[in-house]
Amino acid sequence: MSTTLQNDLLIKAAFSQQTERPPVWMMRQAGRFMKEYWDIKNKYSFLEMCKTPEIAADVTMLPVDLLGIDAAILFSDILVTAEAMGGDLSFEQGVGPRFSNPVRSVKDAEALSTNCLDKLQYVADAIKVIQQRLDSRIPLIGFAGAPFTILSYLVEGGSSKDFKLTKLMLNNQPELAHMILQKIADVTVEYLNMQIAAGVNAIQLFDSWALALSWNDYRDFSHYYNKQIIAKLNRKDIPVISFCKGSSVFAPMMVEAQPDVVSIDWNADLKNIKQSLPQGIAVQGNLDPFVLYADKPVIKKKIIELFERMRGENGFIFNLGHGIMPDIPFDNVKYAIEVVKEFSY
């Protein structure tokens, strides 16, 4: 983006430059813990919200206006790429995403389209509306789901606790898994580059279910494709954040894909991870989201402990180890952000 951001803390920290305090945003920051989100959600289906640029912009702006965070993240879903490729996607209350046509055979995989960018044009349109509303106040983060995570939804037909069908495919039909993963990777590159062209200031790749994998399977069925995607992004001045549940284990491999930032779950000591990574790789995280259910003095104590631990480390973005849960009190989230913004090194 040629326009200068009024608050570029996130971009500076992502590029491992010094900042006066850690920038803060939170995964799922525009979501179900907000009354204002439900005021919109009760009028439209989830996919309608994603596919209507003005509504996607309304939801994206909620945490900007109500929480005062340092970065906005596009309101969308990781599964829009799978839908564009031919997945029959629906969201059921209390169940989550479902694909009525799961991908389990070579024939199913061959039917997946890779020429589908036009079906995702609504995302580029939303980005343009959001950037008009943000008016260069803070950066906008675009994102996509990583191929392995998207594969798991397509194969399972929705969310899964054990990823049994997915792992069966990786073990019994690795060629089929690779065929599907390559198609998803190709679409994801085009999709993220479309977001960059539309004006996002940063990108995050979400590999939400990587923690289901062994080290070797992560290397072969996840990392291989994430690396390919990151290498093909038009990333001049656009920091790339790589996130997975399991990053506390996989971080040493994740950096080989050369993201600017590795987003760490809450199972690891953030400073130990940071110091084990090559110079110039920033970290994001890694407060346990469940801390936000606690009393305010506890929330403050845990955030300050993390900040004191990270003192002297350039390249630190404050976030949660995963997304905000729907029933976390809004006041607690707002308080946590105030604690972060009052801190200075």
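The aromatic ring centroids of F221 and F148 lie 6.0 Å or more from each other. Here the two rings, on F46 and F75, have centers that are under 6.0 Å apart.
Without hydrogens or angle criteria, T149 side chain to S208 main chain gives a donor-acceptor distance under 3.5 Å. One N or O on the side chain of R104 and one on the backbone of V155 form a donor-acceptor pair closer than 3.5 Å. Under a 3.5 Å cut-off, the side chain of K300 and the backbone N or O of A336 do not form any donor-acceptor pair. Of the possible polar contacts, none joining the N101 side chain to the G157 backbone as a donor-acceptor pair under 3.5 Å is found. A distance-only check finds a donor-acceptor pair linking the side chain of S214 to the backbone of D217 [under 3.5 Å]. N286 contributes a side-chain N or O that, together with a main-chain N or O of A268, makes up a donor-acceptor pair within less than 3.5 Å. For K341 (side chain) and G68 (main-chain N/O), a donor-acceptor pair under 3.5 Å exists by modelled atom type.
Contact detail for Q195 and L74: the closest heavy-atom pair is OE1-CD2, 3.9 Å. Between N201 and Q131, the closest heavy-atom pair is OD1-NE2, 3.0 Å. Taking every heavy atom of both residues into account, I281 and P259 meet most closely at CD1-O, 3.3 Å. Across all non-hydrogen atoms, the minimal contact from S247 to S263 is OG-O, 2.9 Å. Between K296 and D331 the shortest heavy-atom distance is CE-O, 4.0 Å. Residues V103 and M169 share a closest heavy-atom pair of O-CE, 3.7 Å.
One finds a salt bridge joining R235 and D260 here, because a Lys/Arg side-chain nitrogen approaches an Asp/Glu carboxylate oxygen to under 4.0 Å. Classification of E54 and R133 as a salt-bridged pair holds, one side-chain N sitting under 4.0 Å from a carboxylate O.
To the nearest 0.5 angstrom, M85 atom CE is 12.0 Å from L79 atom CG. Within the model, atoms CG of L205 and CG of L192 stand 6.5 Å from one another, a figure rounded to the nearest 0.5 Å. Separating the CG atom in L112 from the CE atom in M179 is a distance of 8.0 Å, to the nearest 0.5 Å. One distance of note links CD1 of I264 with CG of L277; it measures 6.5 Å at 0.5 Å rounding. Summarising the geometry, atom OG1 belonging to T188 is positioned 10.0 Å from atom CG belonging to L181; distances are rounded to the nearest 0.5 Å. Taking CG of D39 as the start and CG of L62 as the end, the distance is 9.0 Å to the nearest 0.5 Å.
Using modelled atom types and a 3.5 Å distance limit, the side chains of H178 and Y225 yield a donor-acceptor pair. Judged purely by distance below 3.5 Å, without hydrogens or angles, the side chains of D135 and Q6 never pair a donor atom with an acceptor atom. A donor-acceptor contact closer than 3.5 angstrom is absent between the side chains of Y218 and D207. At a cut-off of 3.5 Å, with distance as the only test, a side-chain donor of T166 or E156 sits close to an acceptor on the other residue. Side-chain contact check for D70 and N7: at least one donor-acceptor pair (N or O, by modelled atom type) lies under 3.5 Å.
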K51 and E83: CA distance, side-chain angles, deciding distance, salt bridge (charged side-chain N to carboxylate O under 4.0 Å, His left out) verdict: CA-CA 12 Å; K51 291 185 178 187; E83 188 200 36; 2.9 Å; yes

R311 vs E308, salt bridge (charged side-chain N to carboxylate O under 4.0 Å, His left out): CA-CA, chis, key distance, verdict: CA-CA 5 Å; R311 188 178 281 279; E308 288 301 341; 2.8 Å; yes

I184 vs L154, side chain to side chain contact (heavy atoms under 4.5 Å, CB included): CA-CA, chis, key distance, verdict: CA-CA 11 Å; I184 299 167; L154 284 171; 4.2 Å; yes

Verdict with reasoning, R309 to E305, per salt bridge (charged side-chain N to carboxylate O under 4.0 Å, His left out): CA-CA 6 Å; R309 181 81 179 122; E305 273 175 5; over 6 Å; no

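With S248 as the fixed residue, the side-chain hydrogen bond (donor to acceptor under 3.5 Å, both in side chains) test singles out one of N272, D269, D265: D265. Each of Q182, E190, K183 was evaluated against T114; a single residue qualifies, K183, per the side-chain contact (heavy atoms from CB on, under 4.5 Å) test.
Under the 4.5 Å side-chain heavy-atom criterion for Ile, Leu, Val, Met, Phe, Trp and Tyr, M253 and V249 are members of the same hydrophobic cluster. L151 and L168 are members of different hydrophobic clusters when ILVMFWY side chains are connected at heavy-atom separations under 4.5 Å. Connection of W266 to V291 is not established within any shared hydrophobic cluster, with ILVMFWY side chains joined at heavy-atom distances below 4.5 Å, either directly or through further cluster members. No continuous path of ILVMFWY side-chain contacts below 4.5 Å connects V298 to M26, so the two sit in separate hydrophobic clusters. In the hydrophobic cluster analysis, where Ile, Leu, Val, Met, Phe, Trp and Tyr join through side-chain heavy atoms closer than 4.5 angstrom, F143 is grouped together with V59.
F163 and W209 have tilted rings, their planes meeting at an angle from 30° to 60° on a 0 to 90° scale.
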Donor-acceptor contacts under 3.5 Å from residues 313-326 side chains, at least two apart:
unit_1: E313; atom_1: OE2; unit_2: Q275; atom_2: NE2; d: 2.7
unit_1: N319; atom_1: OD1; unit_2: M27; atom_2: N; d: 3.1
unit_1: N319; atom_1: ND2; unit_2: W25; atom_2: O; d: 3.1

